Amino acid sequence: MRNKVIIGNWKMHKTISEAREFIKEIDTFAYECQQAGIILGIAPSFLCLAPLQSVANYTLIAAQNVNDQPSGAFTGEISIPMLQEVGIQYSLVGHSERRNYYNETSLSCNKKNKALFNNGLFPIYCVGETLAQYEQHASQKVVEQQLNEGLQDLTGEQVSNLIIAYEPVWSIGTGKNASVEIAQSMCHCIRQTIASLYNQAVADQVIIQYGGSVKLENAKAYLSCLDIDGVLVGGASLQVETFKALVATILQEKK
Ligand code: PGA
């Protein structure tokens, strides 16, 4: 049985004190979720990682990005040893905003995915097509290529511990979430691609999230799909009450 994984991606929102208040309010709830097989996490800004990790007992704290080099002259970057020192085990890799605004590619993500796994950390590898690609019916092809390139040289064992977030770019921050049918069918394709790149056992273990305008009203429906094991939530994760209510709809279903 795969765990359910719900992560709030805060992007460039919240100061340390705001972030700390939030975690204090959800950490016990995260324990309740954990008891029901649901991992609840937050990906805050780099600055908030250490302060949040020190107050979170049950909430998974993940980085939003990481550099693939252990140290060096890379102004503005954060390394894996820096994350390790404060106890961070997960990092988003290749979020569409990173691909779009900071020129990240599936090949540069591959370096990060490898570096994370080789140091005992876990990537949450984000894939998804743009609106133009969606309209050209190229979604599957695009995502397959992102997987082919992003997962190059990773072992089956590593990929069984991977989280993949399927986030169609046209649905992120637009309020236009992908229909449950589209999300399930794409997540199914992703699982099949993993089966063909590795084997069925690896495909059965990999956790696949849907992300893109997930909100209170639609979160539960995604989680009821066979191939969707969680959600990556942007905007709807910023208000503690809204986020809790969203997660509660999933928790009720599991109980
Ligand atoms: P959104 O963002 O929920 O605000 O669409 C999702 C994401 O970027 O991960």
Side-chain angles (χ1 to χ4, degrees), residues 4-14 18-19 22 26 38-46 48-49 52 59-66 88 90-106 109 112-113 122-131 133-134 139 142-143 146-147 150 162-180 182-184 186-187 190 207-223 225 228-250:
K4 305 284 181 210
V5 183
I6 305 172
I7 296 182
N9 172 17
W10 282 352
K11 312 189 180 189
M12 200 175 69
H13 292 284
K14 292 197 192 292
E18 289 166 347
F22 188 111
I26 61 156
I38 301 171
I39 296 167
L40 184 55
I42 291 290
S45 73
F46 276 131
C48 289
L49 289 173
L52 292 198
T59 314
L60 183 152
I61 307 297
Q64 294 178 10
N65 182 29
V66 71
I88 301 298
Y90 287 81
S91 177
L92 298 183
V93 172
H95 186 279
S96 68
E97 286 148 18
R98 301 291 320 168
R99 291 178 189 256
N100 198 15
Y101 305 137
Y102 303 98
N103 305 319
E104 290 194 14
T105 64
S106 297
C109 292
K112 298 181 188 213
N113 287 336
F122 306 97
I124 301 164
Y125 179 48
C126 305
V127 295
E129 77 285 358
T130 62
L131 180 61
Q133 291 163 336
Y134 172 73
S139 311
V142 168
V143 169
Q146 290 171 333
L147 292 171
L162 177 69
I163 300 178
I164 297 172
Y166 167 62
E167 299 206 299
V169 180
W170 47 271
S171 73
I172 297 178
T174 57
K176 276 194 259 160
N177 57 301
S179 70
V180 170
I182 292 178
Q184 159 57 24
M186 285 303 295
C187 291
I190 290 172
I207 290 176
I208 307 177
Q209 298 179 307
Y210 166 77
S213 298
V214 173
K215 39 192 176 253
L216 177 63
E217 297 76 23
N218 59 30
K220 192 174 79 178
Y222 290 119
L223 266 292
C225 297
I228 304 182
D229 309 311
V231 280
L232 186 55
V233 188
S237 71
L238 292 173
Q239 302 298 327
V240 73
E241 291 313 327
T242 318
F243 189 49
K244 255 183 159 171
L246 182 159
V247 179
T249 61
I250 296 164

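Each ligand, and each atom within it, is numbered from 1 in the order the structure gives. The structure displayed is predicted, hence computed values, not measured ones.
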Atoms of ligand 1 under 4.0 Å from any heavy atom of Ser213, numbered from 1 in the order shown, are 1 (P), 3 (O), 5 (O)
State whether the number of non-hydrogen atoms from other residues, nucleotides or ligands found under 6.0 Å of Lys11 atom NZ is greater than 12. yes
Nitrogen or oxygen of Ala236 less than 3.5 angstrom from that of ligand 1: no
Answer side chain, backbone, both or neither: which part of Ser96 comes under 4.0 Å from ligand 1, heavy atoms only. neither
Atoms of ligand 1 under 4.0 Å from any heavy atom of Gly212, numbered from 1 in the order shown, are 5 (O)
Sub-4.0 Å atoms of ligand 1 with respect to non-hydrogen atoms of Gly173: 1 (P), 4 (O), 5 (O)
When you look for heavy atoms under 4.0 Å from ligand 1, do you find them on the side chain of Asn9, its backbone, both, or neither? side chain
Residue Ser171 vicinity, atoms of ligand 1 by number, heavy atom under 4.0 Å: 5 (O)
Taking C-beta and beyond as the side chain, do Ile208 and Ile228 meet within less than 4.5 Å on heavy atoms? no
Below the 3.5 angstrom mark, is there an N/O of Lys11, backbone or side chain, next to an N/O of ligand 1? yes
Hey, are Arg99 and Glu104 close enough for a salt bridge, meaning a charged N less than 4.0 Å from a carboxylate O? no
Which atoms from ligand 1 have a heavy atom of Leu232 less than 4.0 Å away? 9 (O)
Which of the ligand 1 atoms, numbered from 1, are nearer than 4.0 Å to a heavy atom of Gly235: 1 (P), 3 (O), 4 (O)
